[in-house]
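Let me begin by presenting the structure, written as structure tokens, before commenting on it.
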2 protein chains.
Amino acid sequence: MQLHEEIGPRATTISAIAERAGVQRLTVYRHFPDETAVFQACTRHWLEQHPPPHPTDWAGLEPGPARTRAALSAFYRYYRLTERMWAASHRDESAVPALQGPMAEFRAHLRRIGDNLIAGFGASTDTRLAATLHHALAFTTWASLNTQGLDDGAMADLALVWVTALLPPSDTPRPAEADTATHRE
Amino acid sequence: MQLHEEIGPRATTISAIAERAGVQRLTVYRHFPDETAVFQACTRHWLEQHPPPHPTDWAGLEPGPARTRAALSAFYRYYRLTERMWAASHRDESAVPALQGPMAEFRAHLRRIGDNLIAGFGASTDTRLAATLHHALAFTTWASLNTQGLDDGAMADLALVWVTALLPPSDTPRPAEADTATHRE
DNA sequence: CATTCATTGAACATACATGTTCGTTCAACT
DNA sequence: AGTTGAACGAACATGTATGTTCAATGAATG
């Protein structure tokens, strides 16, 4: 796991794993039949130790902006904590087949969460709203904004501005009580 | 260049280049002292054949939204045309030293263009406006929005919505004539 | 105490990569 | 016609990686 983080799954060799573990190369082969098995085990174990944010974390909040901001903030914090591993995984995904399954699964998880948040805004399904929110939730977006020096809170606020700019103009941006028609779109 | 596009600079070997060129491996070594020289020559040649958008392309347009949309659109079209190469370069940058110089140069180019566009909006330098525009110009942003099925025009429009949402609320986004309050947004 | 089993050290075969060296062929230019 | 030089074919040395095989060690288990 250290090596996957430091040099990426692609460059991580069995020899390096054995060396890092202070163990003979053969010993690694005794525990894992081949490289693929090592990577699968590593991925599973790492995900158990670093579970991504889950909808229950923000279930208590009002649907719409509040809940969306909480989700964005949670993912951005998660990305910061796990930055190196995600950068390496993202980079090496195409070259390491054992990575593609878990990565696809994570993306599906992200997509479900995004769809749920979008449903929380009253507005009927808008392509641009969905695209913006899904984009905001992506690791690459966090990484891009991070290189510009924004902290996680500022990034969440900023992404929320993007999202709310896509909402119908005469809506109620505050805690929904008066349900003035969410007409037009 | 074909191989750099298809499998990426990192996986491109001299053997493969020779084979693809229908030539002996030794012949490649006659033209280029080593792998680094091949990659440098390849990068330079490719950039000559695929020059990125340049400010003169949109110099005729009004500063502000119009010019920004033209720039975004130009880069998005460029990214679509050169998608595979940029994806591969982005992915392999950390592993191929010969790539890091040109990539840094391109990023600097992008940054200059972004700063110029921002200056075109009257607004005093706003961190969030700058972050949004620089983010919108990045290849990773194009790639992210592209996976969601948006075409280049829709992407440029969408990014422009993000940017204009960051402008001071009671500003005059149009050539100032009718200043009926364009409130909120 | 005896057995078991993970670990060790040292090989091995295979594959592929980078550069280099050598003598040969073959086309073009002077 | 003769010289030049690019391309060829076949090696070489070196490094690194994946897996496998074999005998020896050594500690924990029964």
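Numbered from 1 within each chain, the chains take letters A, B, ... in sequence-line order. Keep in mind the model is a prediction, meaning the values are calculated, not measured.
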Looking at Arg107(B) and Glu93(B), does any basic side-chain N land under 4.0 Å from a carboxylate oxygen?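 A salt bridge links Arg107(B) with Glu93(B).
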*asked:* Could you check whether Arg77(A) pairs with Asp152(A) (Lys NZ or Arg NE/NH1/NH2 to Asp/Glu carboxylate O, under 4.0 Å)?
replied: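 Not counted as a salt bridge, because no side-chain N and carboxylate O are separated by less than 4.0 Å.
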Using a distance-only test with no angle check, is there a side-chain donor-acceptor pair under 3.5 angstrom linking Gln49(B) and His45(B)?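 Side-chain D/A pair, Gln49(B) to His45(B): present.
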Let me know, please, whether Glu35(B) or Arg30(B) comes out on the 5' side of the other along DNA chain C by nearest nucleotide.
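Final value for this comparison: Glu35(B).
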What's the [atom1]-[atom2] distance between [X] and [N], to the nearest Å?
X        : N       : atom1 : atom2 : value
Ile17(B) : dG19(C) : CD1   : C1'   : 14 Å
Tyr29(A) : dA11(C) : OH    : C1'   : 15 Å
Glu19(A) : dT16(D) : CD    : P     : 11 Å
Phe39(A) : dA17(D) : CZ    : P     : 12 Å
Arg10(A) : dT16(D) : CZ    : C1'   : 15 Å

When we call it a touch if two heavy atoms are under 4.0 Å apart, what does Ile14(A) touch: a base, just sugar-phosphate, or nothing?
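Sugar-phosphate contact only.
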[N] OP1/OP2 closer than 4.0 Å to side-chain N/O of [X]:
X        : N       : answer
Ser15(B) : dT18(C) : yes
Thr13(A) : dT16(D) : no
His31(B) : dA7(D)  : yes
Gln24(B) : dA7(D)  : no

>> Using a distance-only criterion (donor-acceptor N/O pair, under 3.5 Å, no hydrogens), is the base of dG9(D) paired with the side chain of Arg25(B)?
In response: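 A donor-acceptor contact between them is absent.
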**Prompt:** For DNA chain D, whose closest nucleotide is more 5', that of Ala11(A) or that of Leu26(A)?
**Reply:**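 Mapping each residue to its closest nucleotide by heavy atoms, the 5'-most match is Ala11(A).
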Query - Tyr79(B) and Phe75(B) aromatic ring geometry - parallel, tilted or perpendicular at 30°/60° bounds - result: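 Because their plane-to-plane angle lies in the 30° to 60° range, the rings of Phe75(B) and Tyr79(B) count as tilted.
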